[in-house]
Structures are given as C-alpha cells and as structure tokens.
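Throughout, numbering of the chain's residues begins at 1 and tracks the sequence. In listed order, ligands and their atoms are each counted from 1.
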Amino acid sequence: MKISKSEFSARRKRLMSEMAPNSVAIIPAAREVTRSRDTEYPFRQNSDFFYLTGFQEPDGVLLLLPGRRQGQVLMFCRDRDPERELWDGYRQGPEGVVKNFGMNDAYPVGDMDDIVPGLIEGRSTVYYSMGHDDSFDRQVFGWINQIRAKVRTGAKPPGDISDLAVLLHEHRLLKSEAEVRIMQRAADISAEAHCRAMRECRPGRYEYHLESSIQHGFAEHGARFAAYNSIVGSGKNACCLHYTENDAKMQDGDLVLIDAGCEFQGYAADITRTFPVNGRFTAEQRAIYDVVLKSQLAAIAATKPGKKWNHPHDVTVRVITEGLVELGLLSGDVDALIESGAYTDFYMHRAGHWLGLDVHDVGEYRIDGKWRPLEPGMALTIEPGIYVATDNMNVDEKWRGIGVRIEDDVVVTESGCDVLTAGVPKLADEIEALMAAT
Ligand code: GLY
Ligand code: MN
Ligand code: MN
C-alpha cells in the first residue's frame with residue numbers, strides 16, 4: 001500500500017498550476033543528522049519534499065519550473081557511487097529518479113551550483129520555505145546573488161521570494177482517498193500495538209518495557225518507525241504532557257498513559273490510551289477517566305464539516321468543567337469557571353491538531369484571524385485530558401497525581417467524522433476486560 005506515482009505527479013501539477021506565472025519552486029530533501037561522530041539518527045525525509053516526490057534519499061533538491069519546455073520537474077540527487085553504496089546502501093542516482101520517480105530530468109547534487117542559477121534566472125518569483133536549514137538558505141541566496149551580480153550584462157534576478165508553505169500546506173491539509181487509506185493502516189497498526197502494551201503490562205515492569213511492546217507491535221505489522229517519541233508515563237508521570245524518560249518502575253495501583261503512533265508510508269498515527277497498571281481502575285481513577293472519555297466522545301460527535309476548528313475543543317472544555325465540578329475538584333458556576341479558565345489547572349492543552357505526514361501536521365487553524373471551518377478530508381486528533389498535579393492543595397489528596405488523556409485520530413467526512421483509531425478499546429470496562437483476558 002503506497003501513494004501511486006500518478007498521485008505524486010498530480011500533486012506537483014496542482015502546485016505548479018497555482019504558482020505565479022514565471023516562477024520556480026525549490027524544495028530540498030532532508031539531510032542526515034549526526035548522532036555521534038560518524039553515526040547518524042535514523043533518516044527522516046522532509047515532509048514537503050516527500051509529499052511531492054515519494055523519494056526517500058537524503059540531500060536531493062526538487063525544482064519545479066512551470067511552463068519550461070525542456071522539462072518542468074527536475075531533481076538533483078546523490079550520484080551513483082559504487083564505493084559509497086557498498087558502505088551506505090543503494091542510491092537511485094539521476095537515472096533512477098527519472099525512471100522511477102517521474103522526473104523530467106535529474107542531475108547529481110554536486111552540479112547544483114553550476115546549473116541552478118541558470119534555471120532561476122529570468123523567473124520572477126522563487127518559492128522557497130526559508131529558515132529550516134541555514135546552510136541551504138545560504139546556498140539559495142548564493143544562487144540569487146550570482147544572478148544579481150550579472151545584472152549589468154542583462155541578467156534578470158527574481159523580484160519575489162515567496163513561502164511555498166502558503167500554497168503547499170493547504171494541499172497537504174486535505175487528504176485524498178489514498179492518503180486516508182494509508183492513515184487508516186497507520187492507525188490500525190498503532191491500535192494493535194496499544195492493545196499489545198495493555199496485554200503486556202504488569203506491576204513491577206518498567207515504562208520502557210511498554211515502549212518496546214509498542215515498538216514491537218509497530219514492526220510486527222509493517223511499520224518500522226514511530227511517528228514521534230513514544231510517551232509512557234505511569235503514576236504522576238502521566239501529568240507531564242510530553243514525558244519521554246519512560247524509565248520508571250510501574251506501580252500496582254497506578255495508571256499508565258501511553259501516547260504513541262507509528263509512521264506508515266510517511267503518514268503518522270497518534271493514539272493515547274490510559275489504563276491501570278494492574279488491570280483494574282480505582283474509583284477515583286475511573287471517575288476522572290469517565291469524565292475525559294465523555295468529553296472525548298462529545299467532541300467526536302461534534303466534529304462535522306462546517307463546524308469551526310475550535311468547536312470540538314470548546315465541547316471538551318464544557319464537559320470537563322462540568323465533570324470537575326461534579327467530582328468536587330472545582331466549585332462554582334460552570335459558565336463562570338469556563339470564562340475564568342479555571343479548568344486550565346487540570347486541562348491545559350488544546351483538544352487536538354492536524355494530522356498527516358507530520359504528527360502535528362501543517363495547515364492553518366485560522367483564516368483571516370478566525371477559526372477555520374472543518375471540511376471533508378481534514379484529519380485531526382481529538383485528545384482531551386485531565387491532569388491533577390501532585391502539589392494541587394486545592395483538591396482532596398485522593399485525586400492528586402492522576403493523569404488521563406484519551407486520543408483518537410479522525411477524518412472529517414461529508415456528514416461527520418470517521419474514527420481511524422477505533423481498533424483499541426477506550427471504555428473502562430473494555431480495557432479491564434482486555435487486560436483480564438491475558
Ligand atoms: N503525541 C503528541 C500529541 O499528542 O500531540
Ligand atoms: Mn499523541
Ligand atoms: Mn496528538
């Protein structure tokens with residue numbers, strides 16, 4: 001299951017059709033990043049570059065030149081090199097990217113400084129996303145300056161530099177059918193991995209054991225990488241929103257929160273489940289859990305085309321505030337507590353974010369300063385939580401240190417939304433049943 005060559009080609013054509021007349025887009029691939037001396041972090045392609053090419057090697061550069069008769073789609077890539085390939089692996093080389101990735105032409109990356117200024121010259125707008133890679137920014141400006149230095153000989157440097165993201169990220173925000181199918185697979189793999197972690201959880205094991213259960217689940221079903229560092233926080237560690245130490249011993253009587261999702265064919269899943277280490281919720285844990293779940297279900301039901309981005313979040317705020325009042329963690333009038341933001345002592349993040357090639361995916365949340373309406377094809381997470389700080393002296397001691405988040409991935413449809421991550425239970429009874437069955 002992959003995005004087809006023709007879909008990658010259609011993405012490039014669509015982008016070129018919206019670019020200014022007589023413009024060029026420059027989109028660099030990611031580079032390898034050193035981890036220590038001569039070893040690197042696992043390579044992750046730049047999402048914009050991947051979206052337009054499907055090409056997974058480092059160091060390439062894609063050039064889109066709408067209207068260029070000799071070819072509109074060019075790539076610079078690593079040249080074939082038998083010695084380097086013996087050490088570091090196969091390379092497509094220019095011939096391979098023309099043949100297999102639909103480029104009109106391709107050249108070795110070492111030839112860029114000779115070739116690119118000539119391609120930019122005479123184009124009035126350069127689309128380029130600055131600020132992500134200093135040395136590549138300098139290289140791009142070096143090319144433009146080479147043209148500027150020759151104005152007296154009639155050379156025409158570009159007048160405008162425009163952020164490619166403005167066009168491209170709107171395209172990435174709306175998922176195609178093929179993208180939704182791939183995201184469904186990423187979600188299924190991730191859901192299965194969460195079920196594995198629930199089955200393999202025992203008091204006395206360490207959080208990183210569950211991290212490895214998750215990783216095992218991903219790999220077992222076809223996803224080698226996590227989309228982000230897995231969060232496995234037991235007890236009060238669940239109250240640290242992006243906890244990634246994952247090195248505590250899990251205690252009988254505590255909850256454990258796992259926030260983990262795989263990357264499949266470039267696309268992320270992002271799931272959180274919170275469950276009891278020993279398989280049975282205490283009364284307090286369950287009371288908080290059920291408030292979070294109620295808010296999450298209400299937000300999912302409220303996720304529909306035409307509703308504003310902020311609407312599901314507002315729904316979670318109301319249900320959580322009501323629940324906190326019912327449990328005695330907050331007191332007062334619900335509307336006033338919402339107005340004053342009193343709930344933010346317990347629920348301090350937003351209900352979700354766009355999801356796609358990046359786990360916190362691209363796309364504007366506001367248009368002209370106003371929350372944008374949801375549209376079919378948008379993918380987002382819905383992930384409310386309640387976190388009772390251990391030092392919150394305003395609440396009864398029995399609540400302190402409980403942290404719960406429940407996160408699912410949804411895609412907006414014509415009439416509502418589809419939950420991609422339904423494969424992992426979230427009703428407290430279902431979780432207890434799954435854990436009891438192992
Ligand atoms: N895993 C990060 C998040 O849920 O946003
Ligand atoms: Mn998450
Ligand atoms: Mn998330």
Side-chain angles (χ1 to χ4, degrees), residues 44 47 172-173 175 183-184 186-198 207-208 210-211 213-215 217-218 223 225-234 237-246 255-264 266-275 289 292-293 295-297 299-300 303 309-313 315-317 320 344 346-363 365 374 378-387 403-412 417-426 431:
R44 171 55 160 75
S47 299
R172 281 180 53 191
L173 176 58
K175 273 64 182 179
M183 290 181 72
Q184 180 66 67
D188 289 343
I189 295 169
S190 305
E192 179 52 41
H194 275 261
C195 293
R196 174 184 285 267
M198 286 179 189
E207 292 163 346
Y208 51 71
L210 293 192
E211 183 178 8
S213 301
I214 289 279
Q215 188 57 42
F218 291 166
F225 292 112
Y228 54 93
N229 292 331
S230 300
I231 297 168
V232 184
S234 61
N237 297 335
C239 296
C240 172
L241 299 179
H242 283 171
Y243 173 81
T244 48
E245 275 113 321
N246 297 358
L255 293 175
V256 57
L257 178 155
I258 301 185
D259 182 344
C262 74
E263 184 169 288
F264 181 75
Y267 289 82
D270 184 6
I271 303 181
T272 306
R273 289 292 184 267
T274 310
F275 54 93
Y289 188 90
V292 177
L293 182 60
S295 77
Q296 204 238 10
L297 293 171
I300 291 173
T303 299
W309 159 260
N310 208 38
H311 179 61
H313 175 75
V315 167
T316 61
V317 165
I320 283 177
T344 58
F346 303 94
Y347 177 31
M348 57 296 280
H349 58 77
R350 300 198 58 82
H353 49 82
W354 303 132
L355 182 72
L357 287 169
D358 292 304
V359 62
H360 294 167
D361 207 30
V362 295
Y365 291 94
L374 297 172
M378 291 176 167
L380 55 138
T381 67
I382 301 190
E383 50 175 309
I386 295 178
Y387 315 88
V404 174
R405 177 163 67 253
I406 304 171
E407 174 173 31
D408 281 307
D409 305 340
V410 308
V411 177
V412 181
C417 69
D418 280 344
V419 179
L420 302 181
T421 44
V424 52
K426 62 181 174 184
I431 290 175

Shell of protein N/O/S atoms around the Mn ion (ligand 2), taken as anything under 2.8 Å: Asp259 OD1, Asp259 OD2, Asp270 OD1, Glu407 OE1

Distance, nearest 0.5 Å, that separates CG of Leu297 from CD1 of Ile382: 10.0 Å

Gap between atom CG of Leu210 and atom OG of Ser234 - 0.5 Å precision: 8.5 Å

Under 3.5 Å donor-acceptor, Asn246 side chain and Val232 backbone: yes

Side-chain donor/acceptor of Thr274 to backbone N/O of Arg405, under 3.5 Å: yes

Between CD1 on residue Ile214 and OG on residue Ser230, distance to nearest 0.5 Å: 6.0 Å

Counterpart residues, ring pair (Phe, Tyr, Trp, His ring centres under 6.0 Å), relative to Tyr243 (two or more places apart): none

One pair per line, please: each N/O atom of ligand 1 matched with every protein N/O atom under 3.5 Å away, atom names first, then the distance to 0.1 Å.
| unit_1 | atom_1 | unit_2 | atom_2 | d |
| --- | --- | --- | --- | --- |
| ligand 1 | 1 (N) | Asp259 | OD1 | 3.2 |
| ligand 1 | 1 (N) | Asp259 | OD2 | 3.2 |
| ligand 1 | 1 (N) | Asp270 | OD1 | 3.3 |
| ligand 1 | 4 (O) | Asp259 | OD2 | 3.2 |
| ligand 1 | 4 (O) | Asp270 | OD1 | 3.4 |
| ligand 1 | 4 (O) | Asp270 | OD2 | 3.2 |
| ligand 1 | 4 (O) | Glu383 | OE1 | 3.0 |
| ligand 1 | 4 (O) | Glu383 | OE2 | 3.4 |
| ligand 1 | 4 (O) | Glu407 | OE1 | 3.3 |
| ligand 1 | 4 (O) | Glu407 | OE2 | 3.2 |
| ligand 1 | 5 (O) | His353 | NE2 | 3.0 |
| ligand 1 | 5 (O) | His360 | NE2 | 2.6 |

His311: partners by side-chain hydrogen bond (donor to acceptor under 3.5 Å, both in side chains), with sequence neighbours left out: none

Pair Ser47, Asp358: side-chain N/O donor-acceptor within cut-off below 3.5 Å: yes

Metal site the Mn ion (ligand 3): N/O/S of His360 inside 2.8 Å: no

Distance (rounded to the nearest 0.5 Å) between Arg350 CZ and Thr381 OG1: 11.0 Å

Ring center gap for Tyr387 and His349 short of 6.0 angstrom: yes

